[in-house]
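Everything below concerns the one structure shown next.
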Amino acid sequence: MAKYETLSCLRDIRAKELENKKVLVRVDFNVPLDDNLQVRDDTRIVAALDTIKYLLSSNCTIILMSHLGRPKGEIVDKLRLDPVARYLEKLLQIKITKLNDCVGEAVEKTVSESKPGEVILLENLRFHEEEEKNNIDFAKKIAALADIYINDAFGAAHRAHASTAGVTEYLPSYAGLLIEKEVNSLDKLLLDPEKPFISIIGGAKVSGKIEVLEKLVKICDVLLIGGGMAYTFLAAKGYEVGKSILEKDYIEYVKKINNEAEAKNKEVVIPVDSLVAKEFKEDAESFNVPVEQIEPDMIGMDIGENTINLFKEKISNAKTIFWNGPLGVFEMEKFSRGTNQIAQKIADLGNKSFSVVGGGDSIAAINKFGLADRISHISTGGGASLEYLGGKKLPGLEALKK
Ligand code: AMP
């Protein structure tokens, strides 16, 4: 794949002499754990392997650090990174030294005594409130552990935290191979998409995806709108949406998007039918109705059959695809069909199109059916990829620029 503008601005670890160095790597091991504290989805761990293997081949001491969940500055035992360490051990087939903190004397001692080729995983950074506050002293302490810093946590690159921003003030800082891959894929969408470029945007609300909708309407040929946000788009066209999720304050904004699309000869496709229910629950009775017939007491839970077919037909021509957000309340099996069918359709295109999928829910749908290897790029950062596409500067990336 060609390298694009932003990527060429980032400091490249391959340009740095790494042999025998101590390298501090910010990874994104914020993975879902099940009730038995086992890793439920390893996408983010697997995505970090390229950089880790590269550093092992350069005989570095690797000090990995990550957050997990939202402990809010307190020690929360079920958010310790031990399950991740064990998982990584299996993947790499080498011992991982997991520490019980990320700063302090014991950590400093273990790191200073470590040898090239060793891999150390620090404890959850967010057990210290200083991490999210981008505290200078905390950033200095983690920086003091190593000679070089690499950020490979694309999923946290939109946050200015001590481990993504502050630390870069105190160590030579480089972009990891995953960040490179993420930025390159998103830059391809922004700068060089093969046409037709089709985006599928779902999820709960319009308000969460404003910048990206504004950008996509400029760069895509077709925008397919599903999920909860579709009901605000339907309301903007004058449809009754019953008790479906509706953001009245965003109706005018949606009209603006529609006008812009029309002026630029782009298509914004909204559902023609909906799977509705009287109650927001799994076992609620459901009905597939045309959007003109959503009754006042009904909740739109998923896109309907005709919409699935319409979206599939549009997707079948795509040369470039971006998908973020489920098309219905996919956590409930009964209302997951739209999301699953669209996931399957995107995967079916295989290498006939360049496809990028971002956002935890969309990735979960892709993984559920084992479709990941038929997607060109699965972004490990839902929020970060939306902000990047929307044109925001990501603090974690800005700090890695030459
Ligand atoms: P987001 O994080 O904005 O991508 O939103 C994801 C959430 O949107 C998921 O938890 C879905 O259950 C929810 N969602 C999708 N479709 C609907 C819908 N029709 N009504 C309510 N919530 C929805």
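In listed order, ligands and their atoms are each counted from 1.
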*asked:* Tell me whether the count of non-hydrogen atoms from other residues, nucleotides or ligands lying under 6.0 Å of CD in E74 goes above 12.
replied: no
*Listed by chain and number, what are the side chain to side chain donor-acceptor pair (under 3.5 Å) partners of T380, not counting sequence neighbours?*
E182
*Just by modelled atom types, is the V357 backbone N or O under 3.5 Å from a matching donor or acceptor in the S362 side chain?*
no
At less than 3.5 Å, what protein N or O atoms come close to the N or O atoms of ligand 1? Include the distances to 0.1 Å.
unit_1	atom_1	unit_2	atom_2	d
ligand 1	3 (O)	A204	N	3.3
ligand 1	4 (O)	K209	NZ	2.9
ligand 1	5 (O)	A204	N	3.0
ligand 1	8 (O)	A204	N	3.1
ligand 1	10 (O)	E331	OE2	2.4
ligand 1	12 (O)	E331	OE1	2.6
ligand 1	12 (O)	E331	OE2	3.3
ligand 1	16 (N)	G228	N	3.1
ligand 1	16 (N)	G328	O	3.4
ligand 1	19 (N)	G300	O	3.0

*Do you see a donor-acceptor pair shorter than 3.5 Å between the side chains of H161 and R26?*
no
*Would you find a donor on one side and an acceptor on the other, under 3.5 Å apart, between the side chain of Y250 and the backbone of M229?*
no
*How about N367 and T43: does a side-chain donor come under 3.5 Å of a side-chain acceptor?*
yes
